[in-house]
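In the text below, chain A, chain B and the rest are named by the order of the sequence lines, each starting its count at 1.
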Amino acid sequence: MPWFRRSKENITSEGPKKDIPDGQWTKCDGCGEMVHKKQLEQNFFTCQKCGYHFRIGSKEYFEILLDEKTFKEIDTKIRSIDPLTFVDTKKYSDRLKESMRKSGLNEAVRTGTAKINGMPIVIACMDFSFIGGSMGSVVGEKIARAIDLALKKKDPLIIISSSGGARMMEAAYSLMQLAKTSAKLAQLSDAGIPYISVMTDPTTGGVTASYAMLGDVHIAEQGALIGFAGPRVIKQTIGRDLPKGFQRAEFLQEKGFVDVVLHRKELKETISKILKLLHD
Amino acid sequence: MAKMVLEFEKPILELEQKIEEMRKYADNLDIADEISTLEKKVDQLRESIFSNLTRWQRVQLARHPDRPYTLDYIRLMTEDFVELHGDRLFADDRAIVAGFARLGDQTVLIMGQQKGRDTKSNVYRNFGMMNPEGYRKALRLMKMAVKFKRPIITLLDTPGAYPGIGAEERGQAEAIARNLFEMSHLPVPIVVVIIGEGASGGALGIGVGDRVLMFENAWYSVIAPESCSSILWRSWDYKEQAAEALKLTAADLLEQGIIDRIVPEPRGGAHRNHEMSASTLKKILLEELKALAKMKPDKLVEKRVEKFSKMGAWKE
């Protein structure tokens, strides 16, 4: 008689699959657990188990941050053109159309006025889903106009960044948006109006090297990748692996470039508290 | 030093060599006519090659290892240059040279990224790739220029800001952003000159000014053609196409309203005649500074912000 006997069937991939209704569940990129979408939404699009922050867009941020029905979008008619008739593997003009269709957005940033706990503000929020949140002429111009509006209304400015950097397909035009937005922020600063920069995953390249790093207060969502050069480029340049946690929000705080690292659920109250201290 | 010759320069240089050889024998032989015919031919050849350069060929000229660098321009254009070092916070960045000097009859702050001519000097200069302390050194000295009411000249020549661990730890992005912010409202004239490579934020970090000039064969864009190729084509092999697509030459940028003026180069490119390149630039700089000196500081700043605010292309 054998010492032991298999009491169950072999484990095979052919067993009956659990019935997961399509679109109700999503996998957490942080811990690999399945998360229910409703639960995710209630938890500010973060994983309850590991705290991983899912990437969200302007629509979600406005819902999380702004007092209900106070958001009034501005500059909704401005559109990117293809000034250089740029073609790589695709035409830029086609890329724009495709991005608009897929994301349901007109550009990689939305701007407007709103209230946070009753305080009027001017807000801009980037959308990574639109060509990697890249900054071309329209993003730069919309940010510049939002800064102008904050100046005119003397209301605080909040910019939520999420970007891979300047948009290659507009080449030098994109590069000049760094100078444009930074110059405008200098005017805002001279006028004594607070500007809070919120950095979310990821904030890299030209956006970090301009308005994202020019806030009076820098807030970063926990775990967000923030840097100038992307990790891949750095790894290639130096030819070795990068230290753990390199270019993450906590790392930037340790190095002195971020004031507050927080969980997304604390974002609204933290911004509100800072604005009340600085702008009353 | 072995001369580096670009592929498209070869026919010109071969003819030039031939003329040179013929000259050696010209005393004994009656070949003056032949020489002058050949000289005409070389002029025509140069003209036809240089008036039809592709954008990638201009990128190659901008990177020519014999091209005049920041220190060459400083030596050839100015007197009494005193180099100043360090950001007073962390270190001195040798990828950027900066100091006060006499240009004509005035004192200026002049600075620029500095490349090396061989491996050793390139390592010393970090290939002209700045670290945060370089941007902070630049800003410290610009503020000094404001204090002593001196105009600022910046020379751009970099393959990009250095992408390293230390650079990120010390806030490369913040250092560049801070310079853009501060340079936009410094109450002294700033003239920017792209002398070679103007790669992205690394170049722009010392590139906000009242007047932006650019050498004929320099390039300036959001990214280097190779990197653009690797990201958009997912291969390093499309640098020529990327250079075309980026429209990164001086003529392109003048048309886009990003630069104000093209600095002409000697025949065959700036590397063929450093003295002439420097004297052309000096003449133009003096002209530009003279015009800017007439403006009141607040007007200067207002115009500068306005200038960059207009940049971009969109519809609504």
| query | Among A:V233, A:V138, A:L178, which residue forms the greatest number of heavy-atom pairs with chain B at distances under 4.5 Å? | reply | A:L178

| query | When only pairs under 4.5 Å are counted, which of B:A242, B:G257, B:A245 shares the most heavy-atom pairs with chain A? | reply | B:A245

| request: Would you mind telling me which of B:E182, B:Q241, B:R170 has the largest number of heavy-atom pairs within less than 4.5 Å of chain A? | output: B:R170

| What distance do A:R145 atom CZ and B:S309 atom OG have between them, rounded to the nearest 0.5 Å? | 11.0 Å

| task | Quick one: which of B:I223, B:D252, B:I165, B:I231 has the most heavy-atom pairs under 4.5 Å with chain A, could you say? | result | B:I165

| task | Name the option with the most non-hydrogen atom pairs under 4.5 Å to chain A; the candidates are B:V301, B:L253, B:I258. | result | B:I258

| request: With rounding to the nearest 0.5 Å, note down the distance linking OG in B:S184 to CG in A:L185. | output: 9.0 Å

| Within a radius of less than 6.0 Å around CD of B:E255, do more than 12 heavy atoms belonging to other residues, nucleotides or ligands occur? | no

| task | Name the member of B:K307, B:R234, B:Q172 that forms the most heavy-atom pairs with chain A at distances under 4.5 Å. | result | B:Q172

| Got a second to check how far B:L232's CG is from A:K90's NZ, nearest 0.5 Å? | 10.5 Å

| request: Starting at CG of B:L248, measure out to CG of A:L84 and round the result to the nearest 0.5 Å. | output: 10.0 Å

| What are the two closest heavy atoms between B:E168 and A:A229, and how far apart are they? | OE2-N, 2.9 Å

| task | For B:F308 and A:A179, work out which heavy atoms get closest and say how close. | result | CD2-CB, 3.6 Å

| field | Closest non-hydrogen atom pair, B:A313 against A:E170 | value | O-OE1, 4.3 Å

| said: With chain A as the partner, which of B:M311, B:K315, B:E174 has the greatest number of non-hydrogen pairs under 4.5 Å? | reply: B:K315

| said: Which heavy atom of A:Q177 sits nearest to which heavy atom of B:G312, and what is that distance? | reply: NE2-CA, 3.7 Å

| note | When B:V208, B:L204, B:N179, B:L180 are each screened for side-chain contact (heavy atoms from CB on, under 4.5 Å) with A:S182, the one that passes is B:L180

| message | Rounded to the nearest 0.5 Å, what separates atom CE in A:M176 from atom CD in B:Q256? | response | 9.5 Å

| field | Residue A:E254 versus chain B: region with a heavy atom under 4.5 Å | value | neither

| With a 4.5 angstrom heavy-atom cut-off, which part of A:A144 approaches chain B: side chain, backbone, both or neither? | neither

| note | Okay, A:Y211 and chain B: the region with an atom under 4.5 Å from a heavy atom over there is neither

| query | Within the distance-only criterion (no hydrogens, no angle test), does the side chain of A:K255 pair as donor or acceptor with the backbone N or O of B:E169 below 3.5 angstrom? | reply | no

| note | When the 4.5 angstrom heavy-atom criterion is applied to A:D190 and chain B, the contacting part is side chain

| task | Hey, could you give me the CG/CH2 distance between A:D75 and B:W314, rounded to the nearest 0.5 Å? | result | 10.0 Å

| field | Minimum side-chain heavy-atom gap A:Y173-B:V222 below 4.5 Å | value | no

| field | Contacting region of A:S189 [heavy-atom separation from chain B under 4.5 Å] | value | side chain

| For B:Y238 and A:D88, what are the C-alpha separation, side-chain angles and deciding distance, and is it a side chain to side chain contact (heavy atoms under 4.5 Å, CB included)? | CA-CA 9 Å; B:Y238 295 85; A:D88 49 270; over 6 Å; no

| query | What part of A:T237 is in contact with chain B, defined as an atom under 4.5 angstrom from a non-hydrogen atom: side chain, backbone, both or neither? | reply | side chain

| remark: Between B:E316 and A:I78 the two heavy atoms that sit nearest each other are CB-CA, 3.6 Å

| field | Working for side chain to side chain contact (heavy atoms under 4.5 Å, CB included), residues B:S221 and A:L175 | value | CA-CA 7 Å; B:S221 195; A:L175 182 61; over 6 Å; no

